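Data first, discussion second: the structure below is written as structure tokens.
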Amino acid sequence: MVAPPVASSPLTNAEIAQRLAGMAQLLSAQGENPYKIRAYRRAAETIRGLGESIDEQVRADADLTRYAGIGKGIASALREIVLSGKLGQLELLMATVPPEVAELGDYPRLDPKRVLQAYKKLGIHSVPELKARLEKGEIGKMFGARMEQHFRNGLIETQAMLLDDADPLAASIQRFLLERCAAIRAETTGSTRRREETVSELAFVVETLGFPKLVESLARYGGGLKRLGADETSARFQLPAGITLRIEAAPASKWGVTMVATTGSERHLEMMDPAGARLARLAHGKTPYPDESSVYHAFGLALVPPELREGNDELELARRDALPKLVTLEDIRGELHAHTTSSDGALSIAEMAEAARERSYEYLGITDHSQSLKIAGGVSEEDLWKQIRLIDRLNEKLSGIRILKSSEVDILADGSLDYPDDLLAALDYTVCSIHSRFHLGKAEQTERVLRAMDNPHFTILGHATGRLLLKRTGYELDFERVIAHARAAGCFFEINASPDRLDLSPQNARLVAQAGIRIAVCTDAHHGRELDYLRCGIDVARRAGLEKQAVLNCLPLPRLLRAFRR
DNA sequence: GCCGTTTTCGGCCCGACTGTTTTCAGTCG
């Protein structure tokens, strides 16, 4: 038997993933089977998120197909990459495509088709030229804001990720720190701990007997991390997932000070300790500050929950010991925004009701899409009448949970609602949302929403701004006018808890709550398991400073139904 | 190329509307 050739040095997961992503890019530029392209992309993503070294696993002859998105084909490609340092198919492709296409292999987040389209129209042939045109604003002018954002995202080095995607990554790194790096204690800090919606840096505070050794061990995460910097008590790395990782050392006696100082936000710390001198004194003095309470106490403050540390009014409230008692997952009594197979959901009404009951909910509102939203299987008037009768029958049989009759009703371009009034009147409440004509001007878009709220059957405004995090900014609205109108009309808002929406933002949710309007924290679930997105919505609600009294679906059913009446 | 409560093939959403189009790509959930 001939021994396989052995590559000189081990490859990091980042390097391996880069090759798979490169394959995807070139296949895409060549117009290959889109599902094959997606398979390579997905596998690259999986590997980028992995703590274990692919290189080590290949050499140990481990079964790689146990990872999602890696089958026989890609597993053998990985073997080839690790053992020979090359991927034959990729080299072959690189040799056959023009240089401007080959170059795209290094930019896995750029869509080759869009890039080549731009090249053709602009008469350019390279990424540097593309960057230059982007800076001049020519891309935006010629192809619109969306293309511009796509190119920008694809060209920047570090890419932010959704908090809900960063959480499992953080958990994996925390395990690695505790199990493989001899950390005595390791906890997330920074913006992630404050539950900011997107993450561009993961940060940890660690307690360890030997920081240099811990840093050395951590550098082996994911088969090897690029080190961006290090000193005696901190270190920074580049993670394969595109974000950075920061580690701060703290002894047990100073754990609290370090947590306060690293959790931030900058604004919060600045307001708390303008010169930064007091925190530094606590950090370097002899008095132990093992927990955050002791630190805030030293400042004459009550402990501020991390979610509130944004430099709003939290310090004033902490001084008076009047911080809000923030809403928790356990306070939620039901779901008010959920889809079923009637439109674009995955489960039937009965199955969703079962999933809601498993979560001990008192009620579940069924809000399938309305008739105009064809792509999402919008429900016809006739079918919604049928659904109303079906839910009545289900409620007679079910115990322990009440299914509420509702709909996610499209707000049409002119501000009218997507069903006639007699049908809307037969529902317990409505969630009304914009799903079309995002590009109306601010004034027109605002009028559209105000007019919709004038309909007496309008109950809750769904995902108020239409933003998609890291993708789309959403439509323009005069939000203050919308709030004032909602208040006058007796309408509510939702915090849509889909991890890529989180809309209302914490800032907007704060404004709504200040106007005395209750907010529903809704998941927009399209599957039973998506009811658990509630945790993301609760993060937003807490960042907005909401107590349970301010949250619509913390109400028991009878009070909820009364609140719905306008 | 991956995957399997339709498991070794065949699906992997997708369908109507918008735009400042110029004959189709992009966009909404």
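This one's a predicted model, so the numbers in the text were calculated from it and none came from an experiment.
- Nucleotide B:dT8 has no partner under the Watson-Crick or G-U criteria, as no pair reaches both atom distances under 3.5 Å.
- Contact annotation for A:Asn33: base contact, defined as any heavy-atom pair under 4.0 Å involving a base atom.
- Between the side chains of A:Glu103 and A:Ser126, no donor N or O sits under 3.5 Å from an acceptor N or O.
- Between the C1' atom of B:dG1 and the CZ atom of A:Arg42 lies a distance of 11 Å, rounded to the nearest Å.
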- Given salt bridge (charged side-chain N to carboxylate O under 4.0 Å, His left out), test A:Glu354 with A:Arg357 step by step and report yes or no. CA-CA 5 Å; A:Glu354 188 49 41; A:Arg357 196 162 53 173; 2.7 Å; yes
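- Relative ring orientation between A:His369 and A:His435 is described as perpendicular, the plane-to-plane angle rising above 60° on a 0-90° scale split at 30° and 60°.
- Looking at heavy atoms from C-beta onward, A:Leu26 lies out of side-chain contact with A:Thr96 at the 4.5 angstrom threshold.
- A:Gln117 comes within 4.0 angstrom of the backbone, heavy atoms only, and of no base.
- At a threshold of 4.5 Å between non-hydrogen side-chain atoms, the residues A:Ile495 and A:Leu546 count as touching.
- Remark: A:Arg472 is in phosphate contact with B:dC28, judged by side-chain N or O atoms under 4.0 Å from OP1 or OP2.
- A:Ile70 comes within contact range of the sugar-phosphate backbone alone, with a heavy-atom separation under 4.0 Å but no base atom that close.
- Atom NE2 of A:His439 and atom P of B:dG26 are 13 Å apart (whole Å).
- Among the atoms of the strands shown, only primed sugar atoms or phosphate atoms (P, OP1, OP2) are found under 4.0 Å from some heavy atom of A:Ala68.
- Remark: C1' of B:dC14 and CG of A:Leu373 are 12 Å apart, rounded to the nearest angstrom.
- Residue contacts shown for A:Ile74 are limited to sugar-phosphate atoms, with no base heavy atom under 4.0 Å away.
- An OP1 or OP2 oxygen of B:dG11 is reached within less than 4.0 angstrom by no side-chain nitrogen or oxygen of A:Arg38.
- In this structure, the CD atom of A:Gln371 is 21 Å from the P atom of B:dC28, given to the nearest Å.
- Residue A:Tyr40 places at least one side-chain N or O closer than 4.0 Å to OP1 or OP2 of B:dG1.
- What separates CZ of A:Arg437 from C1' of B:dA16 is a distance of 14 Å, to the nearest Å.
- Taking atom C1' on both nucleotides, B:dG11 is separated from B:dC17 by 27 Å, rounded to a whole Å.
- Atom pair A:His337:NE2 and B:dG29:P shows a separation of 11 Å (rounding to whole Å applied).
- Following rounding to the nearest Å, A:Glu45 (CD) and B:dC2 (C1') show an atom-to-atom distance of 16 Å.
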